[in-house]
Amino acid sequence: MKKRILILALAILFSLTACSQTPETPEEPAGQEDREDREDQEDQKDQEEPENPDDDSKEPEEGNNGEPSGAVSESTKITVYCGNEDAAEFDLREAEISSLTPEEVLDALVGEEAVSEEVKVLSFNKSTVDGRDTLVLDLNSAFSAYVLSKGTAGEYYAVGSVCNTFLEAFYGDQIKITVEGAALETGHGDYSGYMTKFS
């Protein structure tokens with residue numbers, strides 16, 4: 001009799017142990033499967049495009065001209081001012097540049113023969129002076145040599161071409177053009193102050 005009770009107790013214990021090892025899975029509530037699918041897809045997307053905040057290959061938020069440069073540079077159209085053949089008025093021409101930088105704007109001026117190709121940008125800044133959007137453009141000495149070679153009327157249109165093109169491209173109210181850090185002065189004019197658009 002004791003053996004029977006012991007065998008029966010062992011059988012019950014064994015069946016309870018077996019049941020506890022394979023628990024019945026409860027039904028998932030409606031929508032649970034969809035939510036898990038979306039979570040899996042988001043996890044997969046995160047693995048494909050890992051975020052790396054310390055990635056130095058990204059471009060800075062702002063370029064040296066104070067304008068946003070962004071990760072992708074898109075071409076932009078600008079208006080280039082240049083003196084006509086008679087040095088009597090400005091001709092306006094549209095130019096496409098790869099990105100809005102002072103170097104690209106100057107290259108567009110060179111392309112339209114408004115300045116010589118020896119002229120280079122040394123520095124460029126955009127700031128606010130007395131509530132006005134102000135540009136300060138420093139060029140190399142080739143610019144003053146070019147201006148001096150143009151005569152009185154040609155000088156006006158050479159300086160005006162740079163002035164107007166930069167003011168329009170960078171939405172400036174006034175501009176100061178310097179040469180090697182010094183004021184631009186010629187026998188015909190003094191360009192040491194801020195200039196607005198030439199007419």
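What you see is a predicted model, and the numbers here were worked out from it, not measured in a lab.
Judged purely by atom type and a 3.5 angstrom limit, Y191 has no side-chain atom pairing as donor or acceptor with the backbone of A183. Distance alone, capped at 3.5 Å, is enough to place a donor-acceptor pair between the T165 side chain and the Y81 backbone. Between the K126 side chain and the F170 main chain, a donor and an acceptor come within less than 3.5 Å of each other. When atom types are taken as modelled, the side chain of Y157 and the backbone of C82 share no donor-acceptor pair closer than 3.5 angstrom.
Enclosure of atom CG in N84 by more than 12 non-hydrogen atoms of other residues, nucleotides or ligands within 6.0 angstrom is indicated. Counting non-hydrogen atoms of other residues, nucleotides and ligands closer than 6.0 Å to CD of E180 gives a total above 12.
No side-chain donor from either of E104 and S99 sits under 3.5 Å from a side-chain acceptor of the other. With 3.5 Å as the limit, one finds a donor-acceptor pair spanning the side chains of Q174 and T134.
Taking each heavy atom of K150 and E155 in turn, the nearest pair found is CB-N, 3.6 Å. Counting all heavy atoms, side chain and backbone alike, I78 lies closest to A169 at CG2-CB, 4.1 Å. Closest of all the heavy-atom pairs between I97 and A108 is CG2-CB, 4.1 Å.
In summary, of the residues considered (D133, D173, L135, V162), a side-chain contact (heavy atoms from CB on, under 4.5 Å) with L167 occurs for L135 alone.
The ring pair (Phe, Tyr, Trp, His ring centres under 6.0 Å) check on F143 picks up nothing, with sequence neighbours excluded. With sequence neighbours excluded, no residue forms a salt bridge (Lys or Arg N to Asp or Glu O under 4.0 Å) with R132.
In the hydrophobic cluster analysis, where Ile, Leu, Val, Met, Phe, Trp and Tyr join through side-chain heavy atoms closer than 4.5 angstrom, V119 is grouped apart from L122. V110 and V147 fall within a single hydrophobic cluster, where Ile, Leu, Val, Met, Phe, Trp and Tyr side chains are chained together by heavy-atom contacts under 4.5 Å.
F166 and F124 have tilted rings, their planes meeting at an angle from 30° to 60° on a 0 to 90° scale. The aromatic rings of Y156 and F90 are tilted relative to each other, their planes meeting at an angle between 30° and 60°.
You'll find the side chain of V121 reaches within 4.5 Å of the side chain of L139, heavy atoms only. Residues S161 and L109 meet the side-chain proximity criterion, which asks for heavy atoms closer than 4.5 Å. Using a 4.5 Å heavy-atom threshold, the side chains of L184 and S144 count as touching.
The CD1 atom of I175 sits 11.0 Å away from atom OG1 of T196, with the distance rounded to the nearest 0.5 Å. Distance CG/L106 to NZ/K120: 7.5 Å, rounded to 0.5 Å. The OG atom of S116 sits 7.0 Å away from the OH atom of Y146 when rounded to the nearest 0.5 Å. We find the CG-NZ distance between D138 and K176 to be 11.0 Å, quoted to the nearest 0.5 Å.
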Determine, stepwise, if the pair L92 / V80 fulfils side-chain contact (heavy atoms from CB on, under 4.5 Å). CA-CA 6 Å; L92 276 61; V80 177; over 6 Å; no
